[in-house]
Structures are given as C-alpha cells and as structure tokens.
Amino acid sequence: MTAMRTVGIVAATLATTAVVGGGAYWLYKRRKKKKDDELADDDDVVLKDFEDDDDPITPDDIRPRGGFMDRNTLPDDVKQEFIEAFGGYAPPKDEILDNLTQEDVILFGVKSEPVPGYPEVREEILTAKVRTVEDTVIRARISEPEEFSAHLGSYAGHGFRFGEMVEVPRGVIIFAARPKPTDVTGYGKHGRPAGTFESSHVTKKSYDVHPGTPYDLVMPYITDDIEFHVDRAMVRFELVGTKGLHQQIVFKEGSMHGDVTLRALDRDPKTGLVFVARWNFHIEP
C-alpha cells in the first residue's frame with residue numbers, strides 16, 4: 001500500500017527490551033526526523049499553529065476526521081519496518097497493556113475518512129503517552145507531531161492532532177514502548193512544540209492548547225527578571241526553556257480546563273512590575 005510509504009516510519013538502529021511488571025516492553029527510539037528537527041536552527045523549523053489548521057467556519061461535513069486502523073491488516077512493508085527496527089512484530093498482549101504506566105507510550109494507526117472534495121485516504125502511525133489504563137481502552141495523549149491531520153490536495157486529513165487525548169481500543173495498539181532516555185534538557189526536552197504563539201494583545205487571538213504538550217511563546221525580549229503569572233490558581237505550568245526569543249511552556253496534566261490568561265511581567269528594580277506580553281488560552285482536555 002503506497003499510502004503507508006509516506007508515513008515516515010524510520011527503522012531504529014538498535015532495539016532492546018526491559019522487563020516491567022512481568023511484561024516485556026519494546027524500547028522505542030524516536031524517529032530520526034524528530035531529532036534532526038530539534039537540532040535545526042530557528043529559521044529551519046516550521047512550527048504549526050492550531051489556529052491555522054482548525055478553521056471555525058469549516059462546514060462539519062468536510063472537517064478532517066478518521067478512525068483507527070486494524071493492526072491485523074497492516075501492509076507488509078510497514079510490518080517489515082517494525083521487524084527491522086525491533087527484531088520482530090508482535091502486538092502487545094493484555095498482560096503488557098495492564099502494566100503500562102505514565103512513563104510509557106503506545107503506537108497505533110489512524111486512517112482518514114473521505115469527505116466531499118477530498119476523496120483520497122491517508123494512513124499514519126501515531127505515538128501517544130499513556131495517561132490511564134482502562135478495561136477496553138488505553139487513554140493517552142498524542143505526544144509527537146502528526147503529518148496528515150489536515151486536508152491536503154485531494155487527500156482527506158484524519159483529524160488526530162498533536163496534544164489531543166484519545167481513547168485507543170486495546171485491539172488496535174501496534175506496540176507498547178518505554179522511550180529511551182535522552183540527554184536533552186531545557187528547551188526541547190519535551191520534543192518539538194505543537195504551536196508558536198505571539199502575544200494576544202497583538203494578535204487579538206485566544207489559542208487552544210492541551211496539557212502535557214510543549215508550545216512556544218514569542219517574546220518581545222527575554223531577561224532574567226521576567227516573571228510569568230496565570231490568573232487561575234488551579235492552572236499549573238512549566239517554563240521549559242528558551243531558544244532565541246521563544247519561551248517554551250507546558251501546561252501540567254491536571255490543570256483546570258477552560259479559559260486562562262498568562263502574563264509576562266518584567267520586575268524592574270525601580271518601577272516594579274512592567275507589562276511585557278499576554279496570551280489568552282483555552283485549555284482543552
């Protein structure tokens with residue numbers, strides 16, 4: 001199936017296993033493309049903005065949407081990629097899925113649904129970080145950038161987006177994995193940002209975001225005296241690090257959903273707190 005060749009699954013050069021809770025987990029090595037993107041200069045990285053993809057005036061009948069792929073019908077060339085990467089292909093048994101923790105990820109396939117004007121189908125393998133283990137599904141948050149969520153040309157988008165929480169049926173999960181630790185600290189330690197946002201006092205926009213997902217804030221300037229404040233006590237966040245004039249931020253899992261305003265203030269030694277920038281967010285589940 002030639003569509004799957006565009007997925008971009010890259011075979012890992014080394015695969016090992018670790019025993020956790022009585023089950024063997026495949027150690028999943030991140031795609032080489034992601035690593036290359038993280039090391040690229042600002043000018044080389046194209047950051048996606050949910051505002052661009054999620055047009056509120058798009059009629060419901062042509063919105064990107066899709067479903068899960070049947071792991072038993074994966075094309076042979078895709079199975080071969082996993083065999084070469086991990087030494088074999090065997091979907092995880094319930095014993096392994098029962099013992100997944102929030103340190104683990106799952107891999108599953110999604111497939112777009114044709115809609116008017118977009119008759120061609122896209123298929124893609126996605127990675128999601130485990131949140132909870134249920135009897136019939138694994139609740140997980142998509143943790144790496146997706147390629148084919150939106151419509152493109154005559155191809156329909158599948159609609160599964162980076163940062164979203166999904167309930168993945170156990171029977172479609174291709175692999176359960178414990179990501180190999182990396183030495184990345186500060187900016188980029190959570191991976192590529194899902195969006196880059198200029199100050200809302202300039203754009204007049206409110207941005208949809210998800211917990212546990214990195215985003216970049218465009219700063220007018222950065223100093224050691226800048227402080228960040230939210231206007232809701234039950235919203236927690238991490239300032240990951242800076243790169244140029246980008247301040248990376250992650251809202252913590254468990255933060256209250258809904259509208260929140262984040263302000264950057266400069267603590268001037270003479271005049272006190274000085275307004276720098278403001279971002280209006282809507283935290284989605």
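Just the heavy atoms: all of them, side chains too, but no hydrogens, waters or symmetry mates, feed the values below. Here the structure is a predicted model, which means the values were calculated and not measured.
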Notebook entry, point to check: Hey, mind stepping through R170 and D98 against salt bridge (charged side-chain N to carboxylate O under 4.0 Å, His left out) and telling me if it holds?
Noted result: CA-CA 10 Å; R170 286 173 173 245; D98 288 340; 2.8 Å; yes

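- Using modelled atom types, one side-chain atom of R71 and one backbone atom of I173 make a donor-acceptor pair closer than 3.5 Å.
- In this structure, F175 and Y89 have perpendicular ring planes: the angle between them is above 60°, well past the 30° mark.
- Although no hydrogens or angles enter the test, the distance criterion places no donor-acceptor pair under 3.5 Å between the side chain of T127 and the main chain of E144.
- For the pair S112 (side chain) and A156 (backbone), a donor-acceptor distance under 3.5 Å is present.
- Ring orientation note: the planes of Y207 and F281 are tilted relative to one another, at an angle of 30° to 60°.
- H190 and Q248 form no side-chain donor-acceptor contact under 3.5 Å, judged by distance and modelled atom types alone.
- Without hydrogens or angle criteria, W279 side chain to F197 main chain gives a donor-acceptor distance under 3.5 Å.
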Validation: residues 130-139 side-chain donor-acceptor distances under 3.5 Å, sequence neighbours left out:
{"residue": "R131", "atom": "NH2", "partner": "Q102", "partner atom": "OE1", "Å": "3.4"}
{"residue": "T132", "atom": "OG1", "partner": "E134", "partner atom": "OE2", "Å": "3.0"}

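- For E146 and R122, the salt-bridge test fails: no basic side-chain N is under 4.0 Å from an acidic carboxylate O.
- In terms of modelled atom types and a separation under 3.5 Å, the side chain of H210 and the main chain of P285 share a donor-acceptor contact.
- In this structure, T242 contributes its side chain and Q247 its backbone to no donor-acceptor pair below 3.5 Å.
- Remark: aromatic rings of H246 and Y187 are distant, center separation not under 6.0 Å.
- A donor-acceptor contact shorter than 3.5 Å links the side chain of S199 to the backbone of R278.
- For an aromatic pair to be called close, the ring centres must be under 6.0 Å apart, and F68 with F160 satisfies this.
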Next item on the list: Could you walk me through whether D266 and Y221 pass the side chain to side chain contact (heavy atoms under 4.5 Å, CB included) test, one step at a time?
Entry: CA-CA 10 Å; D266 189 358; Y221 64 90; 3.0 Å; yes

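- Interatomic distance, NE2 of H151 versus CD1 of I62, reported as 6.0 Å (0.5 Å rounding).
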